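Here it is, the structure in full.
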Amino acid sequence: MSRVLAVLSELGIDLDAQFYRLAVTHRSWAYENGGVPTNERLEFLGDAVLGVVVTEHLYLSFPDEPEGILAKLRAAVVNAQSLATVARSLDLGRELLLGRGEATTGGRDKASILADTLEAVIGAVFLQHGIAAAGKFVHRLFDAVVEDAAMLGAGLDWKTSLQELSAALSLGVPTYQVTESGPDHDKRFEAYAVVSDERYGPGHGLNKKQAEQEAAASAFTDLTTLRDSQQSAVAGGVGA
């Protein structure tokens, strides 16, 4: 039994085999097999279900946090990289029905495909069993992710945190210099954050956003250290 179905079984959820097969059917497989239905409609549905369940959980779990923090938390939980990590923990890539071309170019570990497929599975659970069952499944997979995100602080969104710090230090708006390398199916990105003509980084990632976030984290750390040392120097001068 697949890990996905094993988790569902532990939760008392029996997912119909046809629903599960549809949820793991990528469009590349469908194209090579006569245009059979793909998981894209289930993905669309599952994305909405995931968003509602996670948003409700955040709303109830963090009653004192403002909307802005809740939005950052949701973005840290409901994104392609986070979903792909959860999908990998379920070994979902092994279950995918992929076309030959997609399979030979690393499709079973591609973040976007894994994330979309996990959303499709959530959509299938919702369609067969409703929101209560889908919610149980989402909570099993993502409650720990929410807990980890809540501990990130500035790391919830390094780019936004850097922009806020840069504004507080009157250093202007950060910009990013990004380069990419590698073939289309295996791109790698490198980014530098530029604040007041100073470059920080580099950040690396499988997409532009990830690389920029890493670069922003580096800049935030360095500028925080600079700010703290300046404040210490001022405090020392006042006390002298």
Side-chain angles (χ1 to χ4, degrees), residues 47 50-51 54-55 57-59 61-62 64-88 109-116 119 142 144-238:
D47 175 69
L50 175 63
V54 170
T55 300
H57 181 55
L58 292 171
Y59 182 86
S61 299
F62 303 97
D64 298 324
E65 295 292 0
E67 180 271 343
I69 295 298
L70 295 179
K72 286 183 179 181
L73 281 166
R74 182 174 58 193
V77 174
V78 184
N79 63 72
Q81 293 301 322
S82 177
L83 266 68
T85 297
V86 172
R88 291 186 184 104
D109 194 49
K110 189 177 293 184
S112 59
I113 293 178
L114 289 171
D116 290 347
E119 288 179 334
F142 288 93
V145 181
V146 171
E147 291 178 11
D148 290 343
M151 299 176 64
L152 288 175
L156 279 172
D157 183 351
W158 287 115
K159 290 181 68 175
T160 298
S161 296
L162 176 60
Q163 184 169 328
E164 292 170 351
L165 177 60
S166 179
L169 296 175
S170 301
L171 296 176
V173 179
T175 59
Y176 295 87
Q177 299 172 348
V178 183
T179 57
E180 62 181 75
S181 60
D184 288 342
H185 69 272
D186 191 25
K187 288 288 187 185
R188 293 292 187 272
F189 293 81
E190 180 177 271
Y192 285 89
V194 181
V195 182
S196 189
D197 296 328
E198 291 289 334
R199 291 208 315 169
Y200 300 89
H204 298 94
L206 299 178
N207 55 57
K208 180 181 177 182
K209 180 179 179 180
Q210 186 178 17
E212 289 180 344
Q213 286 285 351
E214 279 199 10
S218 176
F220 183 90
T221 300
D222 288 351
L223 288 175
T224 299
T225 300
L226 175 63
R227 180 199 62 190
D228 292 347
S229 64
Q230 289 174 343
Q231 289 177 345
S232 295
V234 171
V238 171

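Treat the numbers as computed from the prediction; the structure is a model and nothing was measured.
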Report the C-alpha separation of E198 and V195 in whole Å, then their side-chain angles, then the decisive distance to 0.1 Å, and conclude whether the side chain to side chain contact (heavy atoms under 4.5 Å, CB included) test is met.
CA-CA 5 Å; E198 291 289 334; V195 182; 5.5 Å; no
Do the side chains of Y192 and V178 get nearer than 4.5 Å, heavy atoms only?
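Side chain of V178 against side chain of Y192, heavy atoms only: no contact under 4.5 Å found.
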Could you grab the distance from atom OH of Y176 to atom CD of E212, nearest 0.5 Å is fine?
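These two atoms lie 6.5 Å from each other.
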Non-hydrogen atoms of A76 and A149 that approach each other most closely:
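Answer, listing the atom of A76 first, then A149: CB-CB, 4.0 Å.
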Taking the side chain as every heavy atom from C-beta outward, state whether Q213 and D157 have any pair of such atoms under 4.5 Å apart.
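Q213 reaches D157 side chain to side chain.
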Contact between L73 and F62 at the side-chain level, heavy atoms closer than 4.5 Å - yes or no?
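Yes - at least one pair of side-chain heavy atoms lies under 4.5 Å apart.
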Measure the CD-CD distance between Q177 and E190 for me, rounded to the nearest 0.5 Å.
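These two atoms lie 10.5 Å from each other.
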Roughly how far, to the nearest 0.5 Å, is the OG atom of S82 from the CG atom of L50?
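With rounding to 0.5 Å, CG (L50) is 8.5 Å from OG (S82).
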Show, in sequence, the C-alpha distance, side-chain angles and deciding distance for E65 and L58, and conclude whether the side chain to side chain contact (heavy atoms under 4.5 Å, CB included) test is met.
CA-CA 9 Å; E65 295 292 0; L58 292 171; over 6 Å; no
Would you give the length of the straight line joining atom NE2 of H204 to atom CZ of F189, rounded to the nearest 0.5 angstrom?
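Interatomic distance, H204 NE2 to F189 CZ, rounded to 0.5 Å: 12.5 Å.
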Provide the full list of salt bridge (Lys or Arg N to Asp or Glu O under 4.0 Å) pairs with a residue in residues 165-174, sequence neighbours left out, each pair given once.
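Counting only pairs at least two positions apart or across chains, no salt bridge (Lys or Arg N to Asp or Glu O under 4.0 Å) contact touches residues 165-174.
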Can you name the nearest heavy-atom pair linking A215 to A193, along with the distance?
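That closest heavy-atom pairing would be CB-N, 3.6 Å.
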To the nearest 0.5 Å, how far apart are CG in L223 and OH in Y200?
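Rounded to the nearest 0.5 Å, the CG-OH separation comes out at 4.0 Å.
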Looking at every heavy atom in both Q81 and A111, which two are closest together, and how far apart are they?
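In this case the closest contact between Q81 and A111 is NE2-CB, 3.7 Å.
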F142 and V86: which non-hydrogen atoms are nearest, and at how many Å?
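Closest heavy-atom pair between F142 and V86: CE2-CG2, 3.8 Å.
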Decide yes or no on side chain to side chain donor-acceptor pair (under 3.5 Å) for R74 and T55, but give the supporting numbers first.
CA-CA 7 Å; R74 182 174 58 193; T55 300; 3.0 Å; yes
Spell out, as yes or no, whether a donor-acceptor pair under 3.5 Å connects the side chain of S61 to the backbone of H57.
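Pair found, side chain donor or acceptor close to backbone of H57.
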Determine, step by step, whether E164 and K72 satisfy the salt bridge (Lys or Arg N to Asp or Glu O under 4.0 Å) criterion, reporting the C-alpha distance in whole Å, the side-chain angles of both residues, the deciding distance to 0.1 Å, and the verdict.
CA-CA 14 Å; E164 292 170 351; K72 286 183 179 181; 3.8 Å; yes
Cation-pi check for F220 against K159: NZ or CZ below 6.0 Å from the six-membered ring centre and within 45 degrees of the axis, yes or no?
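No cation-pi geometry.
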Result of checking T224, T160, L171 against L165 for side-chain contact (heavy atoms from CB on, under 4.5 Å):
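Answer after filtering T224, T160, L171: T224.
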Please find the pair of heavy atoms, one from A115 and one from A80, that lie closest to each other, and give the distance.
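Heavy atoms only, the tightest pair is CB-O, 3.7 Å.
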Do any pairs count as a salt bridge (Lys or Arg N to Asp or Glu O under 4.0 Å) and have a residue in residues 170-185, sequence neighbours left out, and if so which ones?
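Found E180-K187, D184-K187.
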Would you compute the distance between atom CG of N79 and atom CD of Q210 and round it to the nearest 0.5 angstrom?
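Between atom CG of N79 and atom CD of Q210 there are 9.5 Å.
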